[in-house]
Number of protein chains: 2
Amino acid sequence: MRGTAICGTNSNMDTAAARTVFPRLDESLLSHLPPFSKLDRQQVRAILDLAVSRRYDAGASVFEEGSPADRFYMLLDGYVRVVRITPTGEQVTALHIPAGQLLGIAKAIGKEAYPATAIAAAESIVLSWPMGLWDKFVADYDGFATETYKTIGNRLGEVNTRVVEMATQQVEQRVANALLRLISQTGRKVSNGIEIDFPITRQDLSELTATTLHTVSRVLSAWEKQGLVQSKRKRITVCDPHALVVLSQV
Amino acid sequence: MRGTAICGTNSNMDTAAARTVFPRLDESLLSHLPPFSKLDRQQVRAILDLAVSRRYDAGASVFEEGSPADRFYMLLDGYVRVVRITPTGEQVTALHIPAGQLLGIAKAIGKEAYPATAIAAAESIVLSWPMGLWDKFVADYDGFATETYKTIGNRLGEVNTRVVEMATQQVEQRVANALLRLISQTGRKVSNGIEIDFPITRQDLSELTATTLHTVSRVLSAWEKQGLVQSKRKRITVCDPHALVVLSQV
DNA sequence: TTCAAACGTTGCGCTGTCGCAAATTACTTA
DNA sequence: TAAGTAATTTGCGACAGCGCAACGTTTGAA
C-alpha cells in the first residue's frame, strides 16, 4: 500500500498542527478494513468525506498522553508505537499498531483524554475524525462497534502478554519475542530473511522489552555472530525466525 | 440452571466450593452499581430474576483461561484476582477486581473464550448470566454498555501501568505500589493502620509484582522493622501509607 | 570535504535479585 | 495434644543485566 493512492500530494508540512485535506480519497482505502468492511459504497464515501488525512514523519506524535481526546484516527499506512512516559522521563512502549487499525479511540473506553502518546515509527498516513462523530459511527455503521471492541480486546491481550513476558522471561527471550512480533506485523521478505519494515533503533527495542540499549546491542551482536539476524543502523533482518522461536521458549 | 433460577444450585461447575442458596435477591444489590445505576426498579428486577448467584471459597476459580465464555459475571462481594498461567506453570496476576465490577465479559471484547483465569482471593459472592443475554443487556439497558467499556478502559490502563512499573521500577517500589493499590481498593481501617481486607500470601504478592516470595518476604520484613507495615500470616496492615508512597516514587 | 550528531559496540565492575537450603512459626486436622 | 501441612523468615552464594565509559561507525547538513 505504501506509496499508492493518497501519497505524493502534500509536501513537507509542519508537524505542529497543519492538516491537509487530500484531493479525494478513494473508497477502496477503507472498504476492506475490518471496522468498515460491512459497509456499502455510499457509507464509506460519507465516512471518507468527513475524514481529514495527514502525513506524519517518523518520530512525529499523532496525539499525546493526557491531552483532550478530540479526534479518533485510522492508520492507513505506516506504523505507530504507543508509549507512556514516566515521571523520570523514561519511555515505555506499550504496544505497536500496524496499518489498518484504529487508534486514539479514547471514547470507546470512556476516556476524555488520550491515555498514552502515539508516535509514528515510520512515515505514516493517518485519517482522523472529530470525536463528536464517534457515537454516530457506532450507531450508524454496522460492525463498526463490534470490530472496534475486538481491536481493544486484542490490545488488552497484547499488553497482558507483555506483562506475563516481563514477569517470567529473561531479556534475551523478551527481545526474541519482540522481534518475532515485529516481523509478523510488519515483516518484509528480503533475500536473506525477513526485515522489519521501518527504522528501529536499539533504544526503541529496549523500550519495547524493558531493558537497556546496551543489553539489546549485546544480544543482537551475539545473534549476528550466530547468523540468526543481520542488522545495519536502524534496520534489523531476522534470518532464522525458527531459531528465535526456540530461543524465546526456553 | 436456565431460566429464572436464582439459587446457586447449578451443577456443571467444577470446583468444590460450597454453594449457598440465597433468598430472593434484593434490587438494592445492583441498583447502585455503575452498570445498572441508570435503570429503574423493574429493569433491575428483570435482570436479577435472570441471574444465578453463587458463592466461591477463597482459592476457587470462577472461570478458566481458554474455556468457552458461556457466562458473564458480577462480583457482588469479595475479591477476585485475574491470573494467567505460563507454559511452565508460573502464575502471573494481571489484575485485581474489587466488588461491584463485572468480570468475564469476553463478549464485550469480541472473544469466544475467557482470556484469563479468575480466582476468588477471598470468599466471594458472584452473580452470573448466560452470555447469550449480553447483547440484550447492551441493547435494552441504558448505560450498561457505556459503563462496561469504562471498566474495560480502566483495566487496560491498569495493565498498562503494570507494564510501565515492571519496566522502570525496582522490586521494592513495585511491592510498595501493589500494597498501596490494594489498600485503596480493599483497605479496611484498623487500629494501627489500613489492613488489606482479604488473605494474601507472600506468594500472591510476588505474582502480582513479578518477583519471588522470598524477596517479598525480605522487603516486608525490612518494612516491618521500620514500622511501615505489620503482618501476620496472610494478613498485611499498612501503618504508614505515606512512607510507602515516598518509597514507591524513588 | 568536513564536521557534528546520532547510532552502535564492547569491556569492566557492581549490585539487585534470584535460587537454594534450612529453620521457624502458624495454622489445621485427626 | 500431637502430627502434619502451609506460610514465612533468613543466610549465603551466584549471576544476569545494569551503569558507566570509551570508542567506532554512519548519516546528513553546511
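Quick note on labels: first sequence line is chain A, next is B, and so on, each numbered from 1.
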Provide, to the nearest angstrom, the distance between the [atom1] atom belonging to [X] and the [atom2] atom belonging to [N].
X	N	atom1	atom2	result
A:Leu213	D:dG17	CG	P	15 Å
A:Leu205	C:dG8	CG	C1'	13 Å
B:Glu224	D:dA7	CD	P	18 Å
B:Asp204	D:dA6	CG	C1'	13 Å
A:Lys232	C:dT9	NZ	P	13 Å
A:Gln170	C:dT17	CD	P	15 Å
B:Ile236	D:dT8	CD1	C1'	11 Å
B:Leu220	C:dT17	CG	C1'	15 Å

_Can you see if the side chain of A:Ser221 gets near the phosphate of C:dG8 - specifically, an N or O under 4.0 Å from OP1 or OP2?_
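Negative; the distance criterion is not met.
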
*Check whether any side-chain N or O of B:Thr215 sits under 4.0 Å from OP1 or OP2 of C:dC18, and answer yes or no.*
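For C:dC18, OP1 or OP2 has a side-chain N or O of B:Thr215 closer than 4.0 Å.
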
Remember a base hit wins even if backbone is also touched, and classify [X] as base, sugar-phosphate or nothing at under 4.0 Å, heavy atoms.
X	result
B:Thr201	sugar-phosphate
B:Thr212	sugar-phosphate
A:Arg202	sugar-phosphate

_Presence of donor-acceptor pair under 3.5 Å, side chain of B:Arg218 and base of C:dG19_ =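 In this structure, the two groups form a donor-acceptor pair.
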
_Taking donor-acceptor contacts at under 3.5 Å, does the side chain of B:His214 reach the base of C:dT17?_
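In this structure, the two groups form no donor-acceptor pair.
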
*Indicate yes or no: does B:Arg181 engage B:Glu165 in a salt bridge with an N to O separation below 4.0 Å.*
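Yes.
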
When you measure from the side chain of [X], which nucleotide among [options] comes out closest?
X	options	value
A:Arg233	D:dG17, D:dT25, D:dA7	D:dT25
A:Ser217	C:dG16, D:dT10, C:dT9	C:dT9
B:Ser231	D:dA21, D:dT9, D:dA6	D:dT9

_Atom NZ of residue position A:Lys189 - does it have more than 12 heavy atoms of other residues, nucleotides or ligands inside 6.0 Å?_
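Above 12, so yes.
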
*Between the side chains of A:Glu158 and A:Thr161, is a donor N or O closer than 3.5 angstrom to an acceptor N or O?*
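No, no side-chain donor-acceptor contact under 3.5 Å.
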
*Heavy atoms, side chains only, cut-off 4.5 Å: are A:Phe198 and A:Thr186 in contact?*
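Yes, side chains in contact.
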
*Face-on cation placement of B:Arg54 at B:Tyr56 ring, 6.0 Å and 45° thresholds*: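 Ring-cation test returns yes.
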
